[in-house]
Structure formats: C-alpha cells, structure tokens
Amino acid sequence: MAARKIIIDTDPGQDDAVAILLALASPAELEVLGITAVAGNVPLALTAKNARIICELAGKPDTKVFAGCDAPLTRKLVTAEHVHGKTGLDGPQLPAPQMPLQEQHAVDFIIDTLRAEDAGAVTLCALGPLTNIATALQRAPDIAPKIAEIVLMGGAYFEVGNITPTAEFNIYVDPEAAAVVFKCGTPLTVMPLDVTHKALTTAPRVQAFRDMGTEPGRMVAEWTDFFERFDKEKYGSEGAPLHDPCVIAWLLQPGLFSGRKVNVEIETQSALTLGMTVADWWGVTDRAENALFIGDVDAEGFFALLTERIGRF
Ligand code: RIB
Ligand code: CA
C-alpha cells in the first residue's frame with residue numbers, strides 16, 4: 001500500500017519533536033511532503049529553526065521545512081516558554097541547523113500542494129495553533145474538500161484546560177483559526193487533552209529511549225526530562241503527556257485510540273472561556289457532528305510503537 005501523504009504543521013516544542021521523529025521514522029506508511037512551522041510554543045523564527053534541527057537529528061536534511069504565520073489571525077501571540085523553555089527545545093544542547101528553510105511561505109505551500117495532489121490524497125497533521133491551516137482555508141476555500149483528513153492535537157472537554165481553566169493551549173492561542181478549521185467540513189480527528197493526558201512518560205518509558213544508545217533516543221529522553229517538570233508540578237502526574245505524537249500514532253495505528261463523533265464548537269467571544277472546545281458529548285443539540293473526538297488510548301501500545309519506531313534511527 002502506498003505511503004499516506006502528510007503535511008505536518010507544527011510549533012516545536014519537545015512533544016512536536018517526538019511526533020516529527022515518529023513520522024520520519026515511518027517512511028513506509030507516511031510520506032512527509034513538508035513541515036510547516038507556525039508561531040505557538042515559541043515565536044516563528046524558533047519553531048522554523050527547531051523543525052530543521054529535528055529533521056537533521058532524524059538524518060533527513062532533505063525534508064522541506066517552511067515558515068508560516070508569525071501571529072494568530074487577529075490576536076497577539078501567546079507563547080509557552082514556561083513549558084518548553086526559551087528555545088522551545090530546552091533540555092539537551094543542539095547544534096544550529098545547516099539545512100535551509102524553503103523560500104515559499106507555508107500557507108502557499110499548503111494551498112499549492114493540496115491543489116496539485118488528487119482529492120483525498122493529503123492529510124494535514126496539526127500539532128500547534130491552527131493559524132497556518134485556517135489562513136490557507138480562508139485564502140483558498142477550494143482546498144477544504146481536497147483534504148483527506150485533518151488530525152489535530154488540541155482542545156479539551158472532560159480534562160478541562162491547561163492554559164486557562166477551560167482552554168487548551170493550541171486552541172487558546174488562535175481560537176478564530178480553530179473556529180475556521182472546525183467549520184470547514186473536512187473530516188476532523190481531534191486529540192484533546194482528554195486522551196493526551198493518558199499518554200504519560202514514566203521513568204521506565206523514558207529509560208527505554210535512553211537505552212537505545214542513539215542520538216535520537218538520547219534527545220527524546222532529555223527533552224522529556226525537561227518538558228515533564230511542568231506537568232509533574234501542576235498535575236502531580238508521573239510524567240509528561242506526549243500530546244503531539246498521538247496525532248502521528250493515530251495515522252500509524254488508529255486501533256490504539258477510541259473516541260466519539262460529536263459536534264465541537266470553539267468559544268471565540270467570552271473572555272472567561274475563550275478557546276474552549278465545546279463538545280456536545282451527549283448529543284443534546286442538533287449541531288452537526290463535525291469531529292471524531294478521541295478520549296482514550298492504549299498507553300502501553302502507544303509507547304511500544306513510539307519506542308520501536310524511534311529505535312529505528
Ligand atoms: O496543549 C498542548 C499543545 O500545546 C501541544 O501541541 C504542545 O506542543 C503545545 O503546542
Ligand atoms: Ca505543539
């Protein structure tokens with residue numbers, strides 16, 4: 001079976017980095033057409049730099065990396081250095097990337113690629129705020145029916161928010177962009193905190209990366225060591241939730257996950273609940289079921305996949 005064509009839209013971020021490594025370690029199943037950086041965890045200049053660092057760490061310097069939007073559609077950028085550190089990839093020391101950034105703007109790359117490929121050939125994997133994808137949809141509404149599926153890490157319902165009491169970071173940074181994406185009609189699979197908070201690194205799981213004796217394995221362990229201090233402190237959890245790798249794991253082994261097709265709307269007006277993903281979990285409205293909202297994961301199976309694939313480098 002031909003590899004599934006994907007574009008990864010991302011704001012690296014240690015968990016984005018693990019997701020990108022997972023994708024690049026799976027060429028038989030996933031053809032990464034390009035990686036589009038967006039402002040989020042850290043400003044765009046850093047997310048575009050970090051995306052290239054990760055590609056070089058994976059030994060894939062020919063991967064096309066594009067810089068996209070440096071701010072949300074209408075709001076001021078909110079970043080998350082308190083979680084990811086100043087560089088966005090704090091933890092290990094990493095050399096500056098040698099590979100070039102593509103000249104083309106990420107939004108133009110997304111539009112041109114979707115127009116050039118057959119309908120249903122390309123899946124968008126969104127690991128950060130949805131600014132790039134929403135801008136592409138606004139500029140070229142004709143691409144919406146051509147997208148096979150948008151698989152995104154974002155939102156929360158029963159798990160509530162991680163940046164405000166009601167909002168998850170990726171949605172909160174650009175709620176207007178999220179509203180555009182959730183209304184675009186493309187098949188949506190959503191990995192909210194409800195499921196990513198069940199994909200927790202634990203000491204044995206991190207040790208498995210360290211025991212690989214490879215640079216990628218060491219990096220994943222050291223990124224986790226840094227990244228997990230925030231969640232351990234806040235939630236008293238055993239480890240860090242590997243949010244973004246859930247998006248790629250869905251494409252590789254969807255059977256690891258379970259969820260429900262529901263209506264999800266985005267709060268864009270209320271200051272109190274801005275960025276909330278309002279999931280009609282019990283079907284009490286007649287609003288269209290626009291998203292597969294994932295609530296559960298086989299964590300052991302998820303880490304077995306992650307370890308096996310990262311171990312391939
Ligand atoms: O809330 C978690 C999400 O926000 C993850 O994608 C993380 O990388 C940050 O972007
Ligand atoms: Ca991210």
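Order of listing sets the numbers, starting from 1, for every ligand and every atom in it.
- The distance from ligand 1 to the heavy atoms of Glu168 drops below 4.0 Å at these ligand atoms: 1 (O), 2 (C), 3 (C), 4 (O).
- The aromatic ring centroids of Tyr235 and His197 lie less than 6.0 Å from each other.
- In this structure, Arg205 is not positioned above the aromatic face of Phe209 in the sense of NZ or CZ being under 6.0 Å from the six-membered ring centre and within 45° of the axis.
- Protein N/O/S atoms closer than 3.0 Å to the Ca ion (ligand 2): Asp11 OD1, Asp16 OD1, Asp16 OD2, Leu127 O, Asp244 OD2.
- Met99 and Ile20 fall within the same hydrophobic cluster, defined by Ile, Leu, Val, Met, Phe, Trp and Tyr side-chain heavy atoms under 4.5 Å apart, directly or through other members.
- Checked by distance only, ligand 1 and His243 stay at 3.5 Å or farther apart across all their nitrogen or oxygen atoms.
- With a 4.0 Å cut-off on non-hydrogen atoms, Asp11 touches ligand 1 through its side chain and not its backbone.
- How far CD1 of Ile171 is from CD1 of Ile163: 13.0 Å, rounded to the nearest 0.5 Å.
- Seen from the ring of Trp282, Arg260 counts as a face-on cation partner, given the 6.0 Å and 45° thresholds.
- Set against the non-hydrogen atoms of Met153, the atoms of ligand 1 under 4.0 Å away are 2 (C), 3 (C), 5 (C), 6 (O).
- Contact annotation for Leu127 and ligand 1: only backbone heavy atoms (N, CA, C, O) come within less than 4.0 Å of the ligand.
- Regarding atom 6 (O) of ligand 1, its nearest protein heavy-atom neighbour is Asp244 OD1, 2.7 Å.
- Contact check on Asp280 versus Arg287 returns no salt bridge, with no Lys/Arg side-chain nitrogen under 4.0 Å from an Asp/Glu carboxylate oxygen.
- The pair Lys198-Asp296 counts as a salt bridge, with a side-chain nitrogen and a carboxylate oxygen less than 4.0 angstrom apart.
- Salt-bridge formation is detected for the pair Glu117/Lys5: a Lys NZ or Arg NE/NH1/NH2 atom is positioned less than 4.0 Å from an Asp or Glu carboxylate oxygen.
- Each of Asn162, Asn170, Thr196 was evaluated against His243; a single residue qualifies, Thr196, per the side chain to side chain donor-acceptor pair (under 3.5 Å) test.
- Using a cut-off of 4.0 Å between Lys/Arg side-chain N and Asp/Glu carboxylate O, Glu308 and Arg312 are scored as salt-bridged.
- The ligand atoms of ligand 1 that sit less than 4.0 angstrom from a heavy atom of Asp16 are 8 (O).
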Next item on the list: Determine, stepwise, if the pair Lys232 / Glu238 fulfils salt bridge (Lys or Arg N to Asp or Glu O under 4.0 Å).
Entry: CA-CA 6 Å; Lys232 279 178 150 175; Glu238 220 192 320; over 6 Å; no
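- Set against the non-hydrogen atoms of Phe169, the atoms of ligand 1 under 4.0 Å away are 1 (O), 4 (O), 9 (C), 10 (O).
- In summary, the atoms of ligand 1 found under 4.0 Å from a heavy atom of Asn170, numbered by their order in the structure, are 3 (C), 4 (O), 5 (C), 6 (O), 9 (C), 10 (O).
- The shortest contact between atom 9 (C) of ligand 1 and any protein heavy atom is with Asn41 OD1, 3.1 Å.
- The backbone N or O of Leu46 lies less than 3.5 Å from a partner atom in the side chain of Asn50, making a donor-acceptor pair.
- Contact annotation: for Val83 versus ligand 1, there are no heavy atoms closer than 4.0 Å.
- Heavy-atom proximity to Asn162, at under 4.0 Å, picks out these atoms of ligand 1: 1 (O), 2 (C).
- Shown in contact with Asp15 at under 4.0 Å from a heavy atom are these atoms of ligand 1, numbered in order with element: 5 (C), 6 (O), 7 (C), 8 (O).
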